[in-house]
Amino acid sequence: MADKVYRASTTAPVNIAVVKYWGKRDAKLNLPTNSSLSVTLSQDDLRTLTTASASASYSGDDTLILNGEVSDISGARTQACLRELRARRAALEAANSDLPKLSTYPLKIVSENNFPTAAGLASSAAGFAALVRAIADLYELPESPSDLSLIARQGSGSACRSLFGGYVAWRMGEQADGLDSRADLVAEASHWPDMRALILVVSAAKKGVSSSSGMQQTVATSGMFKERITTVVPKMMDLMEESIKNKDFEQFAEVTMRDSNSFHATCADTYPPIFYMNDVSKTAIRAVEYINAKAGRTVAAYTFDAGPNCVVYYLEKDAPTVLGTFYQALSSVSGWKEGTASVKSEFQLEDNLASVLKDGVSRVIMTGVGEGPQKTNEFLVAEDGSTVKR
Ligand code: DP6
């Protein structure tokens, strides 16, 4: 009889930080210089599906197929995740000789995103969260999501926050071994379920500086950065947690925008400077300011990661004002959900703002706060170990 193929499948979400992680105090263990906080986005719109499998019948090295292509997993970060997960499985096998020796079998991992890579959305967070969760399930590890976040963090810092749904903090910790640098849940998605995100996908002319190398340059050269990590972020973290607990959108929005501005200011203060936002991004900021001014209160918040895409957070009740206004200007681009056309705004963006957005935004993604990784019976590796064709 052929050797059994052991399998586990999971989906994992993307998260977008509202207090940004930017800076490493230990690049090897991927320990940050500051705590951060993010909103997990709905997997209906953005998710990675990963199947991890192991079998004595597999030969050679561990393999990963990502979006249909063989992916190089020899890098230190992926290897650190695999090593940590295997060691935990090996410990279980040592304690219970009845367990099949999965830790000694090669892994075959197959992964797919439900969103186009061309959208320029950082998929590493969902990718590493799904990889770690799927292998942990395959190995039947008893570790909690917070324990697994220690492993995912070593793949990509922001990935540690994608092991939870809702509103998630990554506590920077202070130990040299990093065992206290982990994600924890601030609030479930159901605590504040009406949080929405509209992503304006802005095409970049050329690929910018990667976040890993950009943050290292900031740590090494920016004077302002020290102020950010010692004074600014600790205050932002407190205010952000308070705003989430109280479901206070105005405070949530102000902290989100201030923190995005602070992060991009330290990028500009890096020597030589790093610019992630372009003119279209800056026009999106003006559009959000315009909407808030017209509404007479803060109904929308912008935030930008290490690229030009704008994420606009708003509450469902303010969809007419926020979504409706962006729709009027951008109705010709793809990505709007059915029914958006009937969400009418009383305001209209000024022509100069609307035309820059229309020329520079290639598509939108409408989503909202969502759940953490989900176990699924949808497998990308068949029972016989072959890759499922889709
Ligand atoms: C601007 O998690 O991609 O999105 O740990 O080097 O993989 P590495 O960096 P990564 O950085 C994300 C930076 C950010 C802010 C954030 O998500 O908090």
Side-chain angles (χ1 to χ4, degrees), residues 12-41 46 48 73 75-81 117 119-132 149-164 167-173 178 181-183 186 197 199 204 207-220 222 225 228-229 232-233 236-237 240 255-268 270 274-277 281 302-311 313:
V14 166
N15 71 74
I16 298 290
V18 286
V19 177
K20 307 287 186 193
Y21 148 51
W22 196 253
K24 300 176 199 281
R25 66 175 194 278
D26 180 327
K28 193 157 171 278
L29 288 172
N30 221 12
L31 301 177
T33 50
N34 61 265
S35 296
S36 57
L37 201 152
S38 58
V39 179
T40 295
L41 300 183
L46 301 164
T48 300
I73 52 168
R77 289 155 164 242
T78 313
Q79 285 302 317
C81 293
T117 321
L121 290 164
S123 52
S124 67
F128 274 107
L131 177 103
V132 168
S149 79
L150 293 171
I151 303 177
R153 186 200 76 223
Q154 296 175 56
S156 181
S158 53
C160 76
R161 299 184 308 239
S162 275
L163 284 161
F164 291 94
Y167 303 83
V168 188
W170 172 12
R171 312 287 176 194
M172 65 177 286
S181 185
R182 56 169 73 219
V186 172
I199 306 177
K207 210 176 156 3
V209 186
S210 78
S211 34
S212 284
S213 98
M215 64 177 84
Q216 300 282 56
Q217 293 167 34
T218 303
V219 173
S222 166
F225 175 73
R228 172 169 165 79
I229 60 170
V232 179
V233 172
M236 300 275 191
M237 284 295 290
M240 183 52 80
V255 176
T256 298
M257 294 187 279
R258 281 183 182 275
D259 186 74
S260 177
N261 296 345
S262 157
F263 152 48
H264 289 280
T266 63
C267 290
T270 300
I274 304 170
F275 302 116
Y276 288 120
M277 290 189 285
S281 317
Y302 56 78
T303 186
F304 299 82
D305 280 345
N309 293 341
C310 181
V311 177
Y313 283 114

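Both counts, for ligands and for their atoms, begin at 1 and track the order of listing.
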Location of contacts on Asn30 toward ligand 1, heavy atoms closer than 4.0 Å: side chain
Side-chain donor/acceptor of Arg182 to backbone N/O of Arg153, under 3.5 Å: no
Distance filter under 4.0 Å to Ser211 heavy atoms, resulting ligand 1 atoms: 3 (O), 9 (O), 10 (P), 11 (O)
Location of contacts on Ser212 toward ligand 1, heavy atoms closer than 4.0 Å: both
Polar proximity ligand 1 side, Val19 side, N/O cut 3.5 Å exclusive: no
Close-contact set for ligand 1 against Lys24 heavy atoms, below 4.0 Å: 5 (O), 6 (O), 8 (P)
Check: Arg77 and Ser156 side chains under 4.5 Å, non-hydrogen atoms: yes
Arg77 touching ligand 1 at heavy-atom level, < 4.0 angstrom: yes
Nearest heavy atoms of Ala27 and Gln216, plus distance in Å: CB-NE2, 3.5 Å
Ligand-residue contact atoms, ligand 1 with Met215, heavy atoms, under 4.0 Å: 9 (O), 11 (O)
Side chain, backbone, both or neither: the part of Ser156 lying under 4.0 Å from ligand 1 by heavy atom: both
Verdict with reasoning, Trp170 to Leu37, per side chain to side chain contact (heavy atoms under 4.5 Å, CB included): CA-CA 6 Å; Trp170 172 12; Leu37 201 152; over 6 Å; no
Aromatic ring pairing Tyr276/His264, orientation class (parallel under 30°, perpendicular over 60°, tilted between): perpendicular
Atom pair SG/CD of Cys160 and Gln154 - distance to nearest 0.5 Å: 10.5 Å
Per atom 13 (C) of ligand 1, closest listed option by heavy atom (Tyr21, Tyr276, Phe304): Tyr21
Distance-only polar pair, side chains of Thr303 and Lys20, donor-acceptor under 3.5 Å: yes
Atoms in ligand 1 flagged as close to Ala17, the criterion being non-hydrogen separation under 4.0 Å: 16 (C), 17 (O), 18 (O)
Trp170 touching ligand 1 at heavy-atom level, < 4.0 angstrom: no
Under 4.0 Å to a heavy atom of Phe263 - the qualifying atoms of ligand 1, by number: 1 (C)
Minimum heavy-atom distance between Met257 and Tyr302, given as atom pair plus value: SD-CE2, 3.2 Å
Ligand 1 versus Arg161: contacting region, heavy-atom distance under 4.0 Å: side chain
Atoms in ligand 1 with a heavy atom of Gly157 nearer than 4.0 Å: 2 (O), 5 (O), 7 (O), 8 (P)
Spacing of OG1 belonging to Thr40 relative to CD1 belonging to Ile16, to within rounding of 0.5 Å: 10.0 Å
